[in-house]
Amino acid sequence: MKKTTYFESIKRIRYEGPDSDNPLAFKYYNPKRRVAGKTMEQHLKFAVAYWHTLKGTGGDPFGGAVYERPWDGGDPLDQAKRTMDAAFEFISKLGVRYWCFHDRDIAPEGDSIAQTNKWLATIVDQAAALQKSTGVKLLWGTANLFSHPRYTHGAATNPDPLVFAHAAAQIRRAMDATVALGGTGYVFWGGREGYVALINTDMKQEREQFARMLHMAVDYGRKIGFKGRFFIEPKPKEPTTHQYDFDAATVLGFLREFDLLDHFDLNIEANHATLATHSFEHELKVSADAGKLGSIDVNRGDQTVGWDTDQFPTNLYDAVATMRILLDQGGLKYGGLNFDAKVRRASFDLEDLFHAHIGGMDTFARGLIVADALKKDKRLDQFVRQRYAGYRRGVGKAIMTGKTDLKALEKYAAEKGEPQRISGRQEMLENILNDVIARSL
Ligand code: XUL
Ligand code: CO
């Protein structure tokens, strides 16, 4: 019997080079091309986000589902099985190596925890077999602790410990699934862990509850042999007014406060950064500077819109900034570049899913090429290094190594007099960046 296919009209997406005008081909993403000592495929650990790409409906606050997916409909478990088959067909045709999921994306919730766990285990077995036959791997798993009505007031931060217990049960099984599928990451995105109004909220209590859940999760993960990394994904607002994982700096402070820092890295998402009124690059840098940049949800927002639009990434400057940081830190060992992005409501054809991912992959391939060219060009790195050279010798070195004090520095300043002012040369550096982009692509 011929196996059902869901993307019959689409052939395997291939690299055809920059001169190709085939919209269903890569122009820059050439998995075998070597850049900075590794293949593009090794640098760019792209992942397909199951929730958007397979489960997205195109619904928005003003209207319901508009996509008609051939894997939808019928009995919930049968639908889940068809969806998983479609996922692996899509991922394989696209030539991506990884995927990411929430527990409730892949399997429906039953009438009891036992029923739910049974369905999840069935689907995990199916996914394991598909991973084996296609070579596609799991990047990370997570639990959806925000959609069910019981989580209206939060999951771990809920005032009711019974809700906390339901969340714990879900995290346990989502982690089992992640380990069974060989995932190298397990993500905590805050979901509804935040407050809508302070008038009914004990924020101190809620943050402590959240930390307790994370400690339990780490303990459980290690007990079942999870060898990967735990990731926290900051987001400042939406769905709550204030999310406790507001941004990278807030999360680093939280992890330190509750003795969790050793166990977690950060999963930075572009559109979450901009919602926090930071640039994507800022959030990546804050995490990388702390040695904590573990994974990235690549997408983009809309500059004119104040919510999480989760669009596919097309911004070359962002991709260049990302890849410069990744080249500097030697890549992402446990994480990758997950397309936490959705096609627009009006892009309802199956083909649109391919265009969206192809564009994102080519954007980051271009970013990698340019980042490598900037490294070789050296001018940007050298400029910044030179700007702080004073702190590597003389009085600057004494400041950095704790070998001086306010009194000695006053004497030094009085002796030396007014410092010479040196231009920051921002415009010159921006021109160099644009020149290298134009020259290297
Ligand atoms: C929500 C978001 C999530 C997480 C996983 O804004 O980014 O999809 O990535 O729960
Ligand atoms: Co995300």
Side-chain angles (χ1 to χ4, degrees), residues 45-57 59-61 98-106 138-148 151 154-157 167 170-171 173-175 177-178 183 185-194 210 213-214 217 228-248 250-251 264-276 278 280 283-284 287 293-302 305-313 318 322 332 334-343 356-357 360:
K45 293 169 67 187
F46 294 125
V48 167
Y50 204 93
W51 51 102
H52 287 311
T53 297
L54 280 303
K55 302 291 288 180
T57 65
D60 68 18
Y98 298 91
W99 65 299
C100 298
F101 71 87
H102 299 83
D103 50 357
R104 299 296 180 257
D105 305 331
I106 60 173
L138 178 66
L139 188 67
W140 53 255
T142 187
N144 177 332
L145 304 175
F146 43 90
S147 295
H148 194 281
Y151 298 125
T157 61
Q170 247 186 275
I171 292 172
R173 299 297 172 167
M175 224 178 269
T178 301
Y186 184 87
V187 165
F188 292 87
W189 164 60
R192 294 183 191 275
E193 314 294 28
F210 193 25
M213 183 68 92
L214 296 180
R229 291 294 289 166
F230 296 98
F231 299 130
I232 293 209
E233 182 177 326
K235 182 174 182 178
K237 50 191 156 191
E238 200 201 358
T240 69
T241 312
H242 173 87
Q243 303 267 134
Y244 295 134
D245 296 333
F246 192 90
D247 63 0
T250 307
V251 170
F264 285 87
D265 289 333
L266 271 57
N267 180 37
I268 295 301
E269 177 162 326
N271 203 167
H272 296 181
T274 50
L275 282 180
H278 300 308
F280 182 27
E283 287 292 84
L284 294 169
S287 314
L293 176 58
S295 201
I296 307 178
D297 275 6
V298 288
N299 60 18
R300 75 174 207 273
D302 184 310
V305 160
W307 61 88
D308 199 6
T309 62
D310 279 341
Q311 286 164 248
F312 272 83
D318 276 350
T322 307
L332 296 166
Y334 296 95
L337 306 176
N338 171 44
F339 288 112
D340 193 353
K342 55 189 179 203
V343 288
H357 286 83

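Throughout, numbering of the chain's residues begins at 1 and tracks the sequence. Just so you know, ligand 1 is whichever comes first in the structure, and atom 1 is the first atom listed for that ligand.
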What are the distances between nitrogen or oxygen atoms of ligand 1 and protein nitrogen or oxygen atoms, counting only those under 3.5 Å?
{"from": "ligand 1", "atom 1": "6 (O)", "to": "Lys235", "atom 2": "NZ", "distance (Å)": "3.0"}
{"from": "ligand 1", "atom 1": "6 (O)", "to": "His272", "atom 2": "NE2", "distance (Å)": "2.9"}
{"from": "ligand 1", "atom 1": "6 (O)", "to": "Asp308", "atom 2": "OD2", "distance (Å)": "3.1"}
{"from": "ligand 1", "atom 1": "7 (O)", "to": "Glu233", "atom 2": "OE2", "distance (Å)": "2.7"}
{"from": "ligand 1", "atom 1": "7 (O)", "to": "Glu269", "atom 2": "OE1", "distance (Å)": "2.8"}
{"from": "ligand 1", "atom 1": "7 (O)", "to": "His272", "atom 2": "NE2", "distance (Å)": "3.3"}
{"from": "ligand 1", "atom 1": "7 (O)", "to": "Asp340", "atom 2": "OD2", "distance (Å)": "2.8"}
{"from": "ligand 1", "atom 1": "8 (O)", "to": "Trp51", "atom 2": "NE1", "distance (Å)": "3.2"}
{"from": "ligand 1", "atom 1": "8 (O)", "to": "Asp340", "atom 2": "OD2", "distance (Å)": "3.1"}
{"from": "ligand 1", "atom 1": "9 (O)", "to": "Glu233", "atom 2": "OE1", "distance (Å)": "2.7"}
{"from": "ligand 1", "atom 1": "9 (O)", "to": "Glu233", "atom 2": "OE2", "distance (Å)": "2.9"}
{"from": "ligand 1", "atom 1": "9 (O)", "to": "Asp297", "atom 2": "OD2", "distance (Å)": "2.9"}
{"from": "ligand 1", "atom 1": "9 (O)", "to": "Asp340", "atom 2": "OD2", "distance (Å)": "2.8"}
{"from": "ligand 1", "atom 1": "10 (O)", "to": "His102", "atom 2": "NE2", "distance (Å)": "2.7"}

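Among Ile268, Val187, Leu266, the single residue meeting the side-chain contact (heavy atoms from CB on, under 4.5 Å) criterion with Phe231 is Val187.
A heavy-atom distance below 4.5 Å is found between the side chains of His272 and Trp189. Residues Phe188 and Asn267 form no side-chain contact, since every pair of their non-hydrogen atoms from C-beta on lies 4.5 Å or further apart.
Ring planes of Phe246 and His242: parallel class, angle under 30° (limits at 30 and 60°). Aromatic ring orientation, Phe230 versus Phe264: tilted (interplanar angle from 30° to 60°). Below 30°, between 30° and 60°, or above 60°: for Tyr50 and Trp99 the angle between ring planes is between 30° and 60°, a tilted geometry.
When all heavy atoms are compared, the tightest approach of Gly301 to Thr309 is CA-OG1, 3.3 Å. Contact between Asn299 and Asn271 at its shortest, heavy atoms only, is OD1-N, 3.0 Å.
For the atom pair Asp310 CG and Asp297 CG, the distance stands at 8.5 Å (nearest 0.5 Å).
Only protein N, O or S atoms were considered, and those under 2.8 Å from the Co ion (ligand 2) are Glu233 OE2, Glu269 OE1, Asp297 OD2, Asp340 OD2.
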